[in-house]
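Report on the structure given below.
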Amino acid sequence: MDKVIFHIDVNSAYLSWEAIYRLQHGETLDIRTIPSAVGGDPKKRHGIILAKSIPAKVFNIQTGESLMEALKKCPSLYLAPPRYELYIKSSNAMVEIIKEYASQIQRYSIDECFVDVTDSLKLFGDPVELANIIKERIKTELGFTVSIGVSSNKLLAKMGSDLKKPDAVSTIFPLEMSEKMWPLPVGDLFMVGRATIPKLGAMGIYTIGDLANSDPEILKFTLKSHGILIWNYAHGREYSPVKKSNHLIIKSIGNSTTIAFDVETRREAHLVILSLCEMVGMRLRDSGYMTRLVGISIKNNLFEHASHQEKFNLPTDQTNEIYEVARRLFDALWDGSTIRHLGVRVSEFCENDFTQISFFDGISRDKQRKLDQVVDILRGRFDASAIMRGSFVGSGIRPMTGGIGEDDFPMMGSIL
DNA sequence: TCTGGGGTCCTAGGACCC
DNA sequence: TCTGGGGTCCTAGGACCC
């Protein structure tokens with residue numbers, strides 16, 4: 001028997017949640033009713049639009065464009081800074097309601113989840129009716145609207161939730177694909193992005209239907225395995241299960257930042273990298289893993305990207321050791337150009353429950369680990385600046401840089 | 001268009017080994 | 001010494017997602 005899968009997507013999530021929070025805290029204006037947006041941190045030099053209200057759409061405000069660009073289009077645009085702790089709470093509240101109807105829930109991002117309701121239908125009968133029940137409960141109890149896609153796999157459910165917004169339930173069962181999905185522009189298909197659209201266009205492929213009817217051998221030749229993937233998606237073929245728990249294996253941890261001022265000196269760059277390593281190191285220790293690979297990335301003021309990475313044999317979870325490698329990589333990579341953005345990432349994890357102690361540095365390593373632990377605890381109890389390396393004092397650079405602390409749940413990015 | 005920050009996976013090319 | 005080929009690891013960069 002076919003499965004029945006829902007994809008539930010919060011409409012203008014950040015903006016809706018922000019609006020409700022303000023109404024609950026005594027404001028009378030519902031910012032959903034005026035041109036408004038949740039936008040990047042105003043402290044940074046160039047924030048972007050993360051979510052917009054429906055009245056803001058009239059001004060052609062786009063998600064992802066810079067605040068300056070948006071204000072040019074609509075000078076009266078009301079801007080609210082993001083409030084991530086609120087979004088996590090709002091997201092959790094929604095999932096609590098969904099849990100009453102199904103046990104198989106996969107949180108795909110903060111505002112989206114997949115639900116396998118195959119078994120629930122024995123109790124609730126019609127899938128569209130069940131979707132409407134969930135949608136209405138979220139609306140009346142939590143105050144925001146969702147769009148729900150209904151189908152027999154995750155891909156088609158996800159495509160379905162995009163068909164109608166806000167506050168809607170749409171189906172794309174396999175028999176409805178040719179009518180509901182094939183006429184759409186090919187860029188609407190999951191996994192067909194900015195770089196792929198023109199390549200497909202050059203082959204005369206403009207709609208999802210064109211893609212479905214194209215020759216997979218030719219797609220494979222130009223787009224490699226990605227070509228086969230999207231050809232299968234165009235046919236609605238996708239078989240991954242709704243992963244029940246949120247227990248998934250983290251593959252890498254990274255933080256990066258666009259620096260509030262141009263960085264021209266090695267010394268400043270080193271401080272920013274140390275600040276990123278502090279955050280990456282704390283998150284790594286929090287995850288319970290050790291890393292065997294450290295990488296850094298640089299973006300200069302011409303938006304040119306460069307990266308370096310290094311693999312090593314002795315795993316570590318120490319800020320100091322991560323920083324040593326990151327700094328060395330930076331020094332080898334940097335060409336002296338003005339720096340706009342720096343990133344540090346660790347990956348290639350292994351468990352840290354047994355520690356390989358090398359003969360040479362065993363004792364000092366152990367001491368350093370204990371120091372990291374104490375710092376983590378103090379920072380958990382107070383905040384990042386509770387304990388600060390001397391080199392940061394008066395530098396204008398924060399002692400820790402980057403987001404996503406303890407409360408994060410993983411976003412799956414481009415895999416279903 | 002003056003373009004954030006968090007991730008994942010894939011590919012090509014070079015190094016190195018047998 | 002020069003030659004070929006297969007396998008694996010490492011690295012840089014690019015593509016996609018939210």
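Everything numeric in this text was worked out from a predicted model, so none of it was measured. Chain letters run A, B, ... following the sequence lines, proteins first and then strands; every chain starts at 1.
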Spacing between [X] atom [atom1] and [N] atom [atom2], to the nearest angstrom:
X: A:Lys243; N: B:dT8; atom1: NZ; atom2: C1'; result: 12 Å
X: A:Ile49; N: B:dC2; atom1: CD1; atom2: P; result: 15 Å
X: A:Arg107; N: C:dC18; atom1: CZ; atom2: C1'; result: 14 Å
X: A:Lys311; N: C:dT8; atom1: NZ; atom2: C1'; result: 11 Å
X: A:Lys199; N: B:dC10; atom1: NZ; atom2: C1'; result: 12 Å
X: A:Leu67; N: B:dG4; atom1: CG; atom2: P; result: 11 Å

Study note, to complete from the structure: Contact string for nucleotides 12-17 of chain B, one letter per nucleotide 5' to 3', B = base within protein heavy-atom range under 4.0 Å, S = sugar-phosphate only, - = neither, reads S-----

Point to revise | DNA chain B contacts made by residues 293-309 of chain A, counting heavy atoms under 4.0 Å | key: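 Close to the strand are A:Lys299, A:Phe303.
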
Point to revise | Those residues of residues 159-171 of chain A lying under 4.0 Å from DNA chain B by at least one heavy atom | key: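 The stretch gives none, as no residue of it lies under 4.0 Å from the strand.
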
Check your understanding: side chain to side chain contact (heavy atoms under 4.5 Å, CB included) with A:Val4: which of A:Val115, A:Val117, A:Asp116, A:Leu130?
Key ->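 Only one of A:Val115, A:Val117, A:Asp116, A:Leu130 forms a side chain to side chain contact (heavy atoms under 4.5 Å, CB included) with A:Val4, namely A:Val117.
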
Among [options], which nucleotide has an atom closest to any side-chain atom of [X]?
X: A:Arg340; options: B:dG4, B:dG6, B:dC9; value: B:dG4
X: A:Ser109; options: C:dC18, B:dT3, B:dT11; value: C:dC18
X: A:Tyr108; options: B:dT3, B:dT1, C:dC18; value: C:dC18

Point to revise | Side chain A:Ser36, main chain A:Ile31, donor-acceptor under 3.5 Å | key: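 It does hold such a pair.
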
Revision key, fill the gap. Annotated structure of DNA chain B as dot-bracket, pair cut-off 3.5 Å, Watson-Crick or G-U only, | for inter-strand, is ....||||||||||||||

What pairs meet the salt bridge (Lys or Arg N to Asp or Glu O under 4.0 Å) rule with one or both residues in [range], with sequence neighbours excluded?
range: residues 290-316 of chain A; value: A:Glu310-A:Arg328, A:Lys311-A:Glu348
range: residues 83-97 of chain A; value: A:Glu18-A:Arg83, A:Glu96-A:Lys99
range: residues 204-216 of chain A; value: none
range: residues 147-175 of chain A; value: A:Glu112-A:Lys158, A:Lys135-A:Asp167, A:Lys139-A:Asp167, A:Asp162-A:Lys165

Check your understanding: Which pairs count as ring-ring contact (aromatic ring centres under 6.0 Å, His included) when at least one residue sits in residues 301-327 of chain A, sequence neighbours excluded?
Key ->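 Counting only pairs at least two positions apart or across chains, no ring-ring contact (aromatic ring centres under 6.0 Å, His included) contact touches residues 301-327 of chain A.
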
Review point. When rounded to the nearest Å, what value does the distance between C1' atoms of C:dG4 and B:dC16 take?
Key: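 One C1' to the other, the span is 16 Å.
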
Check your understanding: Among pairs that include at least one residue of residues 266-282 of chain A, which meet side chain to side chain donor-acceptor pair (under 3.5 Å), considering only residues two or more places apart or in two chains?
Key ->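 Only A:Thr265-A:Glu268, A:Arg266-A:Asp331, A:His270-A:Asp331, A:Ser275-A:Thr401, A:Glu278-A:Arg379, A:Glu278-A:Arg389 qualify under side chain to side chain donor-acceptor pair (under 3.5 Å).
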
**Study point:** Qualifying side chain to side chain donor-acceptor pair (under 3.5 Å) pairs with a residue from residues 168-186 of chain A, counting only residues at least two apart or across chains
**Key:**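 Listed by first then second residue: A:Thr171-A:Glu176, A:Thr171-A:Lys180, A:Glu176-A:Lys180.
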
**Study point:** Partners passing side chain to side chain donor-acceptor pair (under 3.5 Å) against A:Thr63 (at least two apart in sequence or in another chain)
**Key:**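 If we apply the side chain to side chain donor-acceptor pair (under 3.5 Å) test to A:Thr63, skipping adjacent residues, the hits are A:Lys52.
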
**Study point:** Derivation and outcome, side-chain hydrogen bond (donor to acceptor under 3.5 Å, both in side chains), residues A:Asn11 and A:Thr145
**Key:** CA-CA 6 Å; A:Asn11 304 125; A:Thr145 62; 2.8 Å; yes

Check your understanding: Given the side-chain rings of A:Tyr87 and A:Tyr14, with only the six-membered ring counted for Trp, is the space between their centroids under 6.0 Å?
Key ->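 Yes, the ring of A:Tyr87 comes within the 6.0 Å limit of the ring of A:Tyr14, centre to centre.
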
Exercise for review: Indicate, with a heavy-atom threshold strictly under 4.0 Å, whether A:Glu112 touches base, sugar-phosphate, or nothing.
Suggested key: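 If one applies the 4.0 Å heavy-atom cut-off, A:Glu112 turns out to touch the sugar-phosphate alone, with no base involved.
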
Review point. Checking all strands, does A:Lys158 fall into the base, sugar-phosphate, or nothing category for heavy-atom contacts under 4.0 angstrom?
Key: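 If one applies the 4.0 Å heavy-atom cut-off, A:Lys158 turns out to touch the sugar-phosphate alone, with no base involved.
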
**Study point:** Upstream residue (5' side of DNA chain B) when A:Ser252 and A:Tyr84 are each assigned their closest nucleotide
**Key:**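 On the 5' side of the pair lies A:Tyr84.
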
Exercise for review: Indicate the ring-plane relationship of A:Phe330 and A:Trp334, choosing parallel, tilted or perpendicular according to the 30° and 60° boundaries.
Suggested key: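 Ring orientation, 0 to 90° scale: parallel.
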
**Study point:** Nearest atoms (heavy-atom pairs only) where A:Ile61 meets A:Ala56
**Key:**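 A:Ile61 and A:Ala56 have their closest heavy atoms at CG1-O, 3.2 Å.
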
